[in-house]
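Here is the structure we will look at.
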Amino acid sequence: MRRLLGVLVALVLLLAAAVVVDRVVAGRAEDQAADRIEQEVGARPDVTIEGFPFLTQLAARELGSVRATAAELPAEELVLTDVTAHARGVALVSPVTLAHVSGSGTVTSAELQRLVRARVPDLDVDVAAGTDGVRLTTEVLGAELSLRAEPVLAGEVLQVQARSVTLGGRTVEAERLAALVGRDVLQVEIPVPELPLGLRVVGVEPAADGLRVALEGSDVVVEE
């Protein structure tokens, strides 16, 4: 009985040691992945390699599931915040590739206001986004002009389209204001820039403090 207990204790200790080694190696791999992504996109994410044990995945040269989060994802003319990404089928060969990536990010109200003002520099437009849509306000002929808008993704362009308009507290038809304020205010078009890691915007919806965009990518090459 004592020998049996001794063998059981030894097996438990060996398993515990194997788990510790596996987690240590996985942690180092997560740090290396974060370093590589930081070099690629200019922002350091938190990376989690899912699945246990990690060492068998490493031996097979493919990771089944990797998740990453980042405070922001800078891109040309656009900054996404609160970014999440889920990569599947990560091939650990040269080049490192991701079979599929899905994720999301937020265009904050402040970032959206900057983009809108860049498109309509002649008007001092305030922008606030919420779950019910986007509100743009400015002043025309001494009266407040308020537009309730809906975000729409049209190909490679993010459109903020006016759905209801009030001028001085009265509802007016959007088309009647086109000659006064210009169509650029009634439908602001923001080109979606090229995003890192081959990601593309595939959807958009209003969020509490901005626009939440859905991201996807396939056969993404991380490193040549």
Side-chain angles (χ1 to χ4, degrees), residues 34 37-38 40-48 50 65-88 98 100-121 123-139 144-166 171 174 181 183-218 220:
I37 294 173
E38 184 178 19
E40 184 77 17
V41 306
R44 185 175 182 83
D46 292 325
V47 177
T48 300
E50 299 184 324
S65 175
V66 180
R67 295 185 185 271
T69 61
E72 68 175 33
L73 176 65
E76 185 179 356
E77 298 185 0
L78 177 67
V79 176
L80 297 177
T81 62
D82 189 22
V83 179
T84 66
H86 183 197
R88 300 177 181 85
L98 317 178
H100 184 263
V101 184
S102 60
S104 60
T106 297
V107 182
T108 64
S109 291
E111 177 72 354
L112 188 59
Q113 175 165 298
R114 184 185 69 81
L115 294 169
V116 169
R117 287 186 173 182
R119 297 302 183 276
V120 286
L123 287 177
D124 186 12
V125 182
D126 290 326
V127 180
T131 55
D132 58 345
V134 181
R135 183 181 179 186
L136 296 85
T137 57
T138 187
E139 188 174 292
E144 182 184 80
L145 174 65
S146 177
L147 299 90
R148 183 69 64 181
E150 175 186 350
V152 177
L153 184 64
E156 300 297 320
V157 176
L158 177 62
Q159 297 177 346
V160 181
Q161 300 178 349
R163 291 291 181 247
S164 64
V165 181
T166 60
T171 301
V181 299
R183 293 189 178 276
D184 288 343
V185 176
L186 301 178
Q187 180 174 294
V188 181
E189 295 191 347
I190 303 170
V192 178
E194 182 178 346
L195 297 175
L197 297 177
L199 293 172
R200 53 192 178 87
V201 177
V202 295
V204 60
E205 61 181 15
D209 184 33
L211 303 178
R212 194 68 179 169
V213 297
L215 308 171
E216 278 192 5
S218 298
V220 177

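Sequence positions, counted from 1, serve as the residue numbers for this chain. The basis for the numbers below is simple: all heavy atoms, side chains too, and nothing from hydrogens, waters or symmetry mates. Everything numeric in this text was worked out from a predicted model, so none of it was measured.
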Sub-4.5 Å side-chain heavy-atom contact between L136 and V116: yes
R67/E50 ion pair, N-O < 4.0 Å: yes
Flag side-chain contact, heavy atom, 4.5 Å: V165 against R148: no
Value rounded to 0.5 Å, distance of OG1 in T137 from CG in L145: 8.5 Å
Residues forming a side chain to side chain donor-acceptor pair (under 3.5 Å) with R44, sequence neighbours excluded: D35, E38
Side chain to side chain donor-acceptor pair (under 3.5 Å) between Q159 and E189, worked out: CA-CA 5 Å; Q159 297 177 346; E189 295 191 347; 3.3 Å; yes
Q113 side-chain N/O to V127 backbone N/O, donor-acceptor pair under 3.5 Å: yes
Heavy-atom check, side chain of V47 versus side chain of V66, under 4.5 Å: yes
Set of residues satisfying side chain to side chain contact (heavy atoms under 4.5 Å, CB included) with respect to L78, sequence neighbours excluded: L80, V107, E111, L115, P193
Non-hydrogen side-chain atoms of R114 and V79 separated by less than 4.5 Å: no
With V192 via side chain to side chain contact (heavy atoms under 4.5 Å, CB included) - residues at least two apart: L153, L158, V201
Set of side chain to side chain contact (heavy atoms under 4.5 Å, CB included) partners for A85, sequence neighbours left out: V101
Residues which pass salt bridge (charged side-chain N to carboxylate O under 4.0 Å, His left out) with D46, listed by chain and number, not counting sequence neighbours: none
With sequence neighbours excluded, residues passing side chain to side chain donor-acceptor pair (under 3.5 Å) with R88: H86
From L147 atom CG to R135 atom CZ, the distance as rounded to the nearest 0.5 Å: 10.0 Å
P206: side chain to side chain contact (heavy atoms under 4.5 Å, CB included) partners, not counting sequence neighbours: P151
Student check: side-chain heavy atoms of R119 and P191 closer than 4.5 Å: yes
Heavy-atom donor-acceptor pair, T138 side chain to D124 backbone, under 3.5 Å: yes
Partners meeting salt bridge (charged side-chain N to carboxylate O under 4.0 Å, His left out) with E139 (sequence neighbours left out): none
Sequence-distant partners of E216, salt bridge (charged side-chain N to carboxylate O under 4.0 Å, His left out), two or more places apart: none
Point-to-point distance, once rounded to the nearest 0.5 Å, from CG of L211 to OG1 of T106: 8.5 Å
Listed once per pair and sorted, the salt bridge (Lys or Arg N to Asp or Glu O under 4.0 Å) pairs that draw on residues 199-215, sequence neighbours left out: D82-R212
Test side chain to side chain donor-acceptor pair (under 3.5 Å) applied to T84 - qualifying residues, sequence neighbours left out: S104
Set of side chain to side chain donor-acceptor pair (under 3.5 Å) partners for T81, sequence neighbours left out: none
